[in-house]
Amino acid sequence: MQLIGIDIGGTKICVCFGTQQGEIRISKRIATQPLHGWKEGLKATAALIRELAQSEGINLQQIGGIGISAPGPISSREGKMLSPPNLPGWENAPLVSFFEKEFGRPVIMNHDGKAAALAEYRFGGSKGTLNLVYLTCSTGMGGGAIVEGRLVQGASDTAAEVGHFILDIHGPMCPCGLRGCFEAFCGGAAIAKKIQREIREQSLSTQILQEAGGNLEQIDAKCLINAVQKQDPYALKIWDEFCLRMAQGIGTVLMNFNPAVVILGTIAVHSGALLLDPLRKLLSRFAWKENVQACRIEASQLGDRLSELSALALVCGTDIYRT
Ligand SMILES: [Zn+2]
């Protein structure tokens with residue numbers, strides 16, 4: 001049976017047709033920004049679905065369901081987005097009712113971090129692991145938790161927002177409005193901001209800046225990882241601090257959920273053992289040994305299929321959260 005997956009992001013909307021086993025039959029992306037707000041965005045998405053269905057000879061009446069992964073905050077009960085900070089014009093976008101009306105098939109939507117956790121549970125390298133936590137480790141620190149085989153949703157769709165556990169009440173401000181969140185220390189944007197500020201204020205000479213072509217504004221986590229691999233002293237110092245804060249954040253996750261696996265996204269995928277080895281050693285400072293011993297820490301293996309699989313995962317199986 002064919003399913004439709006829709007992943008709505010700040011830069012692109014991804015549409016795919018795929019199966020319950022996570023086989024993607026066809027997938028296409030359109031840029032979000034030129035579309036003005038949700039009305040235009042959803043119409044363009046529906047048109048793309050029809051175009052793909054026609055090119056593949058798929059009868060839309062026989063689609064099993066539509067899964068939509070969207071940036072938070074959302075209301076899964078009302079089936080809509082609320083006020084996404086990176087998507088102006090998409091406030092209160094009624095995703096579920098729009099696509100139900102458009103195609104007459106069941107529609108399930110969820111927060112992108114939760115959808116990605118479900119994608120790891122259904123299709124990832126540790127699929128089927130009943131207690132699993134996923135962290136995006138990208139620009140921000142989104143995530144989701146599977147506990148005893150169920151996605152944890154919460155009363156206002158914000159359970160397991162582990163990126164916003166407070167690590168230090170005197171820490172840096174987080175875009176969410178709290179101070180000292182895990183994300184404010186370990187999100188890619190926060191790390192880049194810290195490095196840019198320190199280079200500017202202390203006139204530092206570092207390989208990180210060279211990795212960014214000498215352009216301070218172009219510095220990102222990838223530049224840091226490259227500089228660490230070249231043993232740049234300042235980059236190594238920043239990396240040590242980063243690994244320690246990662247261990248503190250993940251230690252909190254281990255104590256809260258006692259997962260059998262924590263799967264890390266982008267930064268861990270790019271850095272591999274450079275992050276995972278020190279992390280494993282440091283974890284014992286932040287969590288009981290039972291929790292540390294019970295848990296594997298892995299980099300995600302889903303790669304660039306994550307958008308499609310996150311959306312498809314929402315409409316696979318029957319043991320998931322449904323409104
Ligand atoms: Zn926060």
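Just so it is clear, the model here is predicted, and its values are computed rather than measured. Every number for a ligand or one of its atoms is a count from 1 in the order of the listing.
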Worksheet, complete the sentence: Protein-side N, O or S atoms sitting under 2.8 Å from the Zn ion (ligand 1) are His164 ND1, Cys174 SG, Cys176 SG, Cys181 SG
Worksheet item: For His270, does its backbone N or O pair with a side-chain atom of Lys222 as donor and acceptor, under 3.5 Å?
Response: no
Worksheet entry | Non-hydrogen side-chain atoms of His164 and Phe182 separated by less than 4.5 Å | no
Worksheet item: Step by step, would you call Ile146 with Asn131 a side-chain contact (heavy atoms from CB on, under 4.5 Å)?
Response: CA-CA 5 Å; Ile146 307 287; Asn131 291 283; over 6 Å; no
Practice prompt. Could you pull out the closest heavy-atom pair between Leu312 and Gly5, with the gap in Å?
Written response: CD2-N, 3.8 Å
Item to complete: List in chain and number order the residues that pass ring pair (Phe, Tyr, Trp, His ring centres under 6.0 Å) with Phe242, two or more places apart in sequence or in another chain; answer none if no residue qualifies.
Response: Trp239
Item to complete: Flag this pair as yes if the NZ/CZ of Arg245 is under 6.0 angstrom from the six-membered ring centre of Phe185 and inside a 45 degree cone about the axis; otherwise no.
Response: yes
